[in-house]
Amino acid sequence: MRLGELIVDVTPLREDPAYRLVFAAQTVTVLTTALTNVAINLHVYQITGSSVQVGLVGLAFGAALLVGLLTGGVLADRNERRKLILGSRVVVAVVLGGLAVNASLPSPSLLFVYVAAVIAGAVAGVGGSALMAAIPSTVRPVHLAAAGALLTLASQFGAMIGPSVAGLIAAGPGVAACFAIDAVGYLVGVALLWKLPALRPEGVDEVKEHPLRSIAEGWKFLRSNAIVRGLLIIDLWAMVFAMPYVLFPQMAAEVFGGGPEAVGLLHTAPAVGAFVGGLFSGWVNTFRHSGRALIGAVLLWGLSITAFGLSGHLWLGLAFLVVAGAADTTSEILRRALLQHHTPDRLQGRVGSLWLAQATSGPAVGGAEAGLAARLLGPGLGIAAGGVICVAGVVLVALTMPGLRRANLRGDACSQTSPA
């Protein structure tokens, strides 16, 4: 394979004008949202001096986001998706503007922060589900994997540089400036996405069924489609049992003998690996055995996390986290592309929202599991044990779900069905 075939495929940016708008809007948004992700924690801590309050605000946002994602999945399959995307971004921009004003006051209101977190989470969830459902309509089917890789690359770029920029802005102009810049970023996204064509899901003009029946149809599809069901199950093993992030402070202090600087390096290493993995993801478009590649990527994630837990030295642990990050971004690209390829357009919103909801709530469950394992076994062995369980789960999925092993991004997109 030539080097040119390894570099991320930018064909969707050259040949799909609608996707070009989506990519530009998302690139701006992920960079500016990184400012708010850091600023909101600093802001709440400045108001209260309590890490508990910081966690509760995050919990409020996460719960609202989960509800918004699931609601948005139904709405995205029953309404014009472009309007949902634009409307949600305008509302979030207004909320961010309110946060900027609140943060500029002599005595900022904590209650307003909570209300803003709930509104922004719910509305962003609706917009996120609509955008994910709309992406397959903005690119040609053969470009789905490349489109996902480009979006992942943009996200990881934001994850690498956004927090550092946020820290500089918060230390200078203040957290209010972070919120204001993010609001402007959302409005820039609105201006770009305004040029999108109408994104009407299949069947939107037909008689609409009750929302509960609509949700039930989405679950029925998940049970019947072996590939989509396998994509969600294999992801669960990785998220629930091999998520070490909450243990980074304890690992830094008790295993590596470091301080805050070591914690920062531990968080940065997976993002670096993910960025490199996304940069060299061009092969996913030509590799015929997408399902096998996905299984291999999740398996590599589990093995890397196991090795990280047993590493004992900071430099070695960082190396394993870089490998884990590359494996994670590869699996995300493949999962997203396979999910969208094997889901009918009329169900993209509901199925995509379930995937996003799992991606949102799964790491929280995984963090709780990691904390319990660390209490029983210590941080290093706790992480390693979770990695071993992840590897075992992936092997089990590979052996019991032949449909996932045979999955690819070619041919009939919706033929892999099996009894519930």
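Below, all heavy atoms of this structure are taken into account, side chains as well, without hydrogens, waters or symmetry copies.
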Ignoring hydrogens, what is the shortest heavy-atom contact between [X] and [Y]? Give both atom names and the distance.
X    : Y    : result
A117 : A64  : O-CB, 4.5 Å
A385 : L377 : CB-CD1, 3.9 Å
L334 : S290 : CD1-O, 4.2 Å
A93  : Y186 : CB-CB, 3.9 Å
T29  : A25  : OG1-O, 2.8 Å
P244 : I383 : CB-CD1, 3.8 Å

N/O donor-acceptor pairs under 3.5 Å from side chains in residues 318-327, not counting sequence neighbours:
none

List in chain and number order the residues that pass side chain to side chain donor-acceptor pair (under 3.5 Å) with [X], two or more places apart in sequence or in another chain; answer none if no residue qualifies.
X    : result
D182 : T32, T36
T330 : none
E254 : Q250

Is any side-chain heavy atom of [Y] closer than 4.5 Å to one of [X]?
X    : Y    : value
N102 : H43  : yes
V118 : Y114 : no
R335 : L339 : no
L31  : F157 : yes
V388 : F241 : no
T27  : L151 : no
R82  : W194 : yes
L153 : F275 : yes

Report the residues that fulfil ring pair (Phe, Tyr, Trp, His ring centres under 6.0 Å) with W301, sequence neighbours left out, ordered by chain and then residue number.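 If we apply the ring pair (Phe, Tyr, Trp, His ring centres under 6.0 Å) test to W301, skipping adjacent residues, there are no hits.
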What's the spacing between [X] [atom1] and [Y] [atom2] if we round to 0.5 Å?
X    : Y    : atom1 : atom2 : value
I333 : D328 : CD1   : CG    : 10.0 Å
L314 : L265 : CG    : CG    : 6.0 Å
I227 : M401 : CD1   : CE    : 11.5 Å
L84  : R78  : CG    : CZ    : 11.5 Å
L231 : R229 : CG    : CZ    : 10.5 Å
T343 : L338 : OG1   : CG    : 10.0 Å

Please step through side chain to side chain contact (heavy atoms under 4.5 Å, CB included) for the pair H289 and N408, ending with a clear verdict. CA-CA 6 Å; H289 306 292; N408 60 73; over 6 Å; no
Are there more than 12 heavy atoms of other residues, nucleotides or ligands under 6.0 Å from atom CZ of R292?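 At most 12 heavy atoms, drawn from other residues, nucleotides or ligands, come within 6.0 Å of this atom.
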Determine the interplanar angle of the F308 and F248 rings, folded into 0 to 90°, and report it as parallel if under 30°, tilted if 30 to 60°, perpendicular if over 60°.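 The rings of F308 and F248 stand perpendicular, inter-plane angle above 60°.
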Side-chain donor-acceptor contacts of residues 121-150 below 3.5 Å, not counting sequence neighbours, with atom names and distances?
from : atom 1 : to   : atom 2 : distance (Å)
S129 : OG     : L69  : O      : 2.7
S129 : OG     : G125 : O      : 3.4
T138 : OG1    : I135 : O      : 2.7
R140 : NH1    : E15  : OE1    : 3.3
H143 : ND1    : D16  : OD2    : 2.9

Please report the C-alpha distance between T152 and R336 in whole Å, then the side-chain angles of each, then the deciding distance to 0.1 Å, and finally whether the side chain to side chain donor-acceptor pair (under 3.5 Å) criterion is met. CA-CA 10 Å; T152 300; R336 183 196 296 266; 4.5 Å; no
From V90, L96, V95, V94, residue fulfilling side chain to side chain contact (heavy atoms under 4.5 Å, CB included) relative to V92: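 Of the listed options, the one satisfying the test is L96.
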Which of these, V298, D235, I234, sits in a side chain to side chain contact (heavy atoms under 4.5 Å, CB included) with S331?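 Of the listed residues V298, D235, I234, the side chain to side chain contact (heavy atoms under 4.5 Å, CB included) partner of S331 is V298.
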Please confirm whether the backbone N or O of L13 pairs with a side-chain atom of R20, one donor and one acceptor, at under 3.5 Å?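 Yes, because the side chain of R20 sits within donor-acceptor range (under 3.5 Å) of the backbone of L13.
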Assess whether side chain to side chain contact (heavy atoms under 4.5 Å, CB included) is satisfied between W237 and I233, documenting all intermediate values. CA-CA 7 Å; W237 286 102; I233 291 174; 4.0 Å; yes
